[in-house]
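Beneath this line is the structure, given in structure tokens, with notes to follow.
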Amino acid sequence: MLVEIECRALNAAHEMLVQDFEPRDALNYLDPLGIFTEDNTDLIINMSTRLERIANFLRGYRRHATELGPLIGFFEQNKQHHIADFLNDYIQLGIEDPDYLREFVISTVFQRQMLDRKLLLGNVPKFMSTYSRDGFVERVVKELEDLCDLGSFFLFLHGRAGSGKSVIAAQALATSDKLIGVNYSSVVWLKDGGTTPRETFHLFCDVLLMLKSEDNLINFPSLENVSSVVLKRMIANALIDRPNTLFVFDDVVQEETIRWAQELRLRCLVTIRDLEITNVASPPCEFIEVTPLEPDECNNLLEAYGMPTPSDRSEEEILSKAIELTSGSPAVLMMLFKSCEPRTFEKMSKLNDKLEKRGLAAVECITPYSFKSFPVALKRCVDLLTDEDRSALGFAVVMPPGVDIPLKIWSCVIPVDICSNEEETLDEEVADRLKRLSKRGAFLSGKRAPVLTYKIDSLIHILLKHVVDLPTIRLGLSMLEKGLQELSNNNLPSTERAPPSAVYSPRRRSTDLYLAEDVIRPENYAKFMKVHAQFYDTLRNFVS
């Protein structure tokens, strides 16, 4: 079997071979070397079209030849020096100077119009071109360029549902004229989202089908009764014809997909919400966190789609409120914009009120985003949490959004099941639970300076306020008030709490959101609810 650099050389020369190569002549030249069996030779010779003969000749040569030299010798004897020189130069540069190799391929065979065809054949979705987060797109392109010479790797794009991970990945592949066709010979994009081992098996059945050519699919056998071991061997065999392929697994939610990709030594770009599943991946691994839009990016997105610029202070406040409520989520901001008809700030103000009073379901609509309902997207993340983490998330509803809240205050309400009454043990358990919520769906965000704090944003708070049952909210308020009082008396919050599950049901009331910027000092912990009196007054009215 040819080594990978020689397989890649044949792939790079494919356009030249299509224009100026007859496999029947090469088979006669190579016959004394015994690379092809008599049956294989007859099969290729008797094929009706030259394209079929080229495809099957290359398929057989990759598997049965030990080096590219004999084929290069044929091209030299046949006066096809342009092909022989290209193959020789490709292999030499691939070994001695990989960076210059890419420039060589661009100048010799790769044309920009080939990129669209490769993206189409690779199932890469065509996302919006009106607005692009150029910083993230450029980071993805650079990481993929730096990783392309490795035999296998994972590049993880992680962030909350609706943060635009898939859009950024697709824009990176479509923007660069070097990634697909030069750095990588081809691309395969597949939507995952599976939560069972069987769904992972079906995903990699699709991987195998995507690696096959149309001719090979005509008589392709059913994979229903194939074992996972056999399927992996079939994929490994198919990869011989598709060396240096970039695989994009979009919306991976279980570690089984990562394990399969690692066993097959694939080069992978993966979009995920749950950062913990990356623990099963072995290096090399790189990570890019897709953070929410900054306020100026939100303005740019809306302007790019035709929202008018605010003309006075009142309209600026309406726009700022919309950005605050959507917490920089491109998906929710797009839903808000699509629901804003006519495109006026008066209409946007009414949508802001609906968001506060009725929750995220108030702006459900069809957009380029995968889900028409953002609560449905977030609910899938919630469903994957453990019961303990789901309960902790439910109690986060009693924390004011947009505020960096110290761990000690969180310890007053986060239910933990431990035997020790030691303060340090309690804090460590609460910190672990909050950290998991920040990694498994980005429900919270944390900071370590000046003290360890965690923050819930307006978007997640709106979700929780309309799905957590009222008794849980009342209990959370009571626990927080009692815990803060115990902190002021230098006592520990009680650890003997029976954590009720957060029950999800629709609610009708609204709350005003109060935003504070400074981290509260330890000596003022007892005053926390007074500092945020507006928030807690409206929350008490909400549950009364």
Side-chain angles (χ1 to χ4, degrees), residues 295 313 317-318 320-327 349 352-360 392-415 430 434 437 443-447 450-494 497 500 502 507-544:
R313 186 174 183 81
E317 290 176 352
I318 292 171
S320 297
K321 186 68 173 180
I323 292 172
E324 176 192 326
L325 293 175
T326 57
S327 299
S349 178
N352 289 344
D353 292 339
K354 286 176 66 177
L355 263 177
E356 292 189 280
K357 293 177 181 178
R358 293 169 47 193
L360 297 174
L393 178 62
F395 281 109
V397 72
V398 301
M399 295 300 185
V403 181
D404 292 311
I405 302 171
L407 179 63
K408 283 291 185 184
I409 296 179
W410 283 100
S411 297
C412 296
V413 296
I414 299 301
V430 172
L434 296 176
L437 289 175
F443 294 105
L444 305 175
S445 57
K447 291 197 308 186
V451 294
L452 180 59
T453 63
Y454 283 92
K455 174 171 63 178
I456 181 173
D457 62 28
S458 297
L459 187 67
I460 299 300
H461 191 270
I462 289 173
L463 171 77
L464 295 178
K465 189 182 64 176
H466 291 86
V467 296
V468 176
D469 67 339
L470 299 183
T472 299
I473 300 177
R474 293 191 191 101
L475 179 59
L477 288 170
S478 175
M479 290 162 54
L480 178 60
E481 191 169 4
K482 179 181 178 182
L484 291 175
Q485 184 60 44
E486 290 178 344
L487 283 178
S488 68
N489 297 330
N490 294 321
N491 294 324
L492 288 175
S494 174
R497 299 192 284 260
R507 297 292 173 230
R508 296 188 300 272
R509 299 287 298 278
S510 68
T511 181
D512 294 325
L513 301 176
Y514 181 75
L515 184 66
E517 297 178 353
D518 298 329
V519 177
I520 192 168
R521 295 178 178 275
E523 59 268 25
N524 294 326
Y525 284 171
K527 303 176 183 177
F528 181 77
M529 297 183 79
K530 293 182 179 179
V531 171
H532 302 285
Q534 181 181 357
F535 169 79
Y536 286 107
D537 287 345
T538 53
L539 189 59
R540 289 189 183 97
N541 290 334
F542 174 75
V543 299
S544 62

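All figures in this text were calculated on a predicted structure; none of them were measured in a lab. Heads up: numbering here begins at 1 and tracks the sequence.
Taking 4.5 Å as the limit, some side-chain heavy atom of Phe542 sits within range of a side-chain heavy atom of Ile473. For the pair Ile409 and Leu484, the minimum side-chain heavy-atom distance is below 4.5 Å. Side-chain atoms of Ile456 and Leu464, non-hydrogen and from C-beta on, do get closer than 4.5 Å to each other. Contact check for Asn524 versus Val531: no side-chain heavy atoms found under the 4.5 Å cut-off. Within the 4.5 Å cutoff, the side chain of Tyr454 has no heavy atoms near those of the Ile405 side chain. Two residues are said to be in side-chain contact when any heavy atoms from C-beta on lie closer than 4.5 Å; Leu459 and Leu325 fail this criterion. The closest side-chain heavy-atom distance from Val403 to Met399 is not below 4.5 Å.
Annotation for Phe395 and Pro415: closest pair CD1-CD, 3.6 Å, computed over non-hydrogen atoms. Shortest non-hydrogen contact noted between Ala392 and Ile414 is O-CD1, 3.7 Å. Across all their heavy atoms, Val398 and Leu539 have their closest contact at CA-CD2, 4.0 Å. Contact detail for Val397 and Phe535: the closest heavy-atom pair is O-CZ, 3.9 Å. Of all non-hydrogen atoms in Val413 and Gly476, the two that sit nearest each other are CG1-O, 3.6 Å.
Salt bridge absent: Glu317 and Lys321 never bring a charged side-chain N and a carboxylate O closer than 4.0 Å.
From Ser445, atom OG reaches atom CG of Leu437 across 11.5 Å, with rounding to the nearest 0.5 Å. Annotation: the span from His461 atom NE2 to Lys455 atom NZ amounts to 14.0 Å, rounded to 0.5 Å. Remark: Asp537 CG to Met529 CE distance equals 9.0 Å, nearest 0.5 Å. Considering CG of Asp404 and CG of Leu452, their distance stands at 10.5 Å, rounded to 0.5 Å.
When each of Thr453, Val451, Leu434 is tested with Leu407 by the rule side chain to side chain contact (heavy atoms under 4.5 Å, CB included), just one qualifies, namely Leu434.
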**OP:** List the steps, then state whether side chain to side chain contact (heavy atoms under 4.5 Å, CB included) holds for Leu487 with Phe528.
**Re:** CA-CA 11 Å; Leu487 283 178; Phe528 181 77; over 6 Å; no

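The backbone N or O of Ser458 sits less than 3.5 Å from a side-chain atom of Ser327, completing a donor-acceptor pair. A donor-acceptor pair under 3.5 Å is formed between the side chain of Asp457 and the backbone N or O of Ile460. Under a 3.5 Å cut-off, the side chain of Ser478 and the backbone N or O of Arg474 do not form any donor-acceptor pair. At least one donor-acceptor pair closer than 3.5 Å links the side chain of His466 to the backbone N or O of Lys357.
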